[in-house]
Novice: 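Below: one structure in structure tokens.
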Amino acid sequence: IMPRYHLDKFEAFGGLKSVFDPEANITAGAKIIKEYTVRTRDVAEALQMYVGTSDETDYSYPNKVMAELQRLKQVAKSFDTAARTAQTESRSARTPG
């Protein structure tokens with residue numbers, strides 16, 4: 001995060017000295033991306049603004065973030081499927097046959 005442009009995001013954490021605090025930095029970054037998403041109405045555009053590149057043809061950062069989002073959704077889905085399978089097997093084991 002470029003503190004000189006987003007110093008207001010760090011006020012709740014004690015100002016400029018909190019820039020290197022991971023929690024403050026993540027929270028500030030999330031607020032910035034949220035503001036940009038509201039402004040652009042497009043997550044990829046918001047991520048492009050966030051990374052601050054002037055090359056409008058280079059969407060490598062938004063593409064990387066969106067690919068990671070898809071990967072995390074797949075991981076979450078596999079955990080959800082495994083939990084449902086385990087729950088079903090647990091119920092079957094308790095049901096007299």
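Quick caveat, the model's predicted, so the values are computed rather than measured. For this chain, numbers begin at 1 and follow the sequence in order.
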Novice: Just how far is it from atom CD of Glu11 to atom CG of Asp8, taken to the nearest 0.5 Å?
Specialist: 6.0 Å
Novice: Any side-chain heavy-atom pair from Lys77 and Asp80 closer than 4.5 angstrom?
Specialist: no
Novice: Let's go through Asp42 and Thr40 carefully: what are the C-alpha distance in whole Å and the side-chain angles of both, what is the deciding distance for side-chain hydrogen bond (donor to acceptor under 3.5 Å, both in side chains) to 0.1 Å, and is it a yes or a no?
Specialist: CA-CA 5 Å; Asp42 183 82; Thr40 63; 5.5 Å; no
Novice: Please answer: with hydrophobic residues joined when any side-chain heavy atoms are less than 4.5 Å apart, are Leu69 and Met49 in the same cluster?
Specialist: yes
Novice: Keeping the roles fixed (side chain from Thr27, backbone from Ala24), state whether a donor-acceptor pair exists under 3.5 Å.
Specialist: no
Novice: Any chain of hydrophobic side-chain contacts (each under 4.5 Å) joining Ile26 to Val51?
Specialist: no
Novice: Give the minimum heavy-atom separation between Phe10 and Ala28, together with the two atoms involved.
Specialist: CZ-CB, 3.7 Å
Novice: Is it the case that more than 12 heavy atoms not belonging to Glu23 sit under 6.0 Å from its CD atom?
Specialist: no
Novice: Supply the atom-to-atom distance Met2 CE to Tyr50 OH, rounded to the nearest 0.5 angstrom.
Specialist: 11.5 Å
Novice: Rounded to the nearest 0.5 Å, what's the gap from NZ on Lys31 to CD on Glu35? Could you check?
Specialist: 8.5 Å
Novice: Assigning hydrophobic clusters by single linkage (Ile, Leu, Val, Met, Phe, Trp, Tyr; side-chain heavy-atom cutoff under 4.5 Å), is Phe13 placed with Val19?
Specialist: no
Novice: If you compare all heavy atoms of Ala44 against all heavy atoms of Pro62, which two are closest, and at what distance to 0.1 Å?
Specialist: O-CG, 3.6 Å
Novice: For Gln48 and Tyr61, indicate whether the former's side chain and the latter's backbone hold a donor-acceptor pair under 3.5 Å.
Specialist: no
Novice: Look up atom OH in Tyr36 and atom CG in Leu47, then write down how far apart they are to the nearest 0.5 Å.
Specialist: 11.5 Å
Novice: Specify the closest pair of heavy atoms between Val75 and Ser78, including all atoms of both residues, with the distance to one decimal.
Specialist: O-OG, 2.7 Å
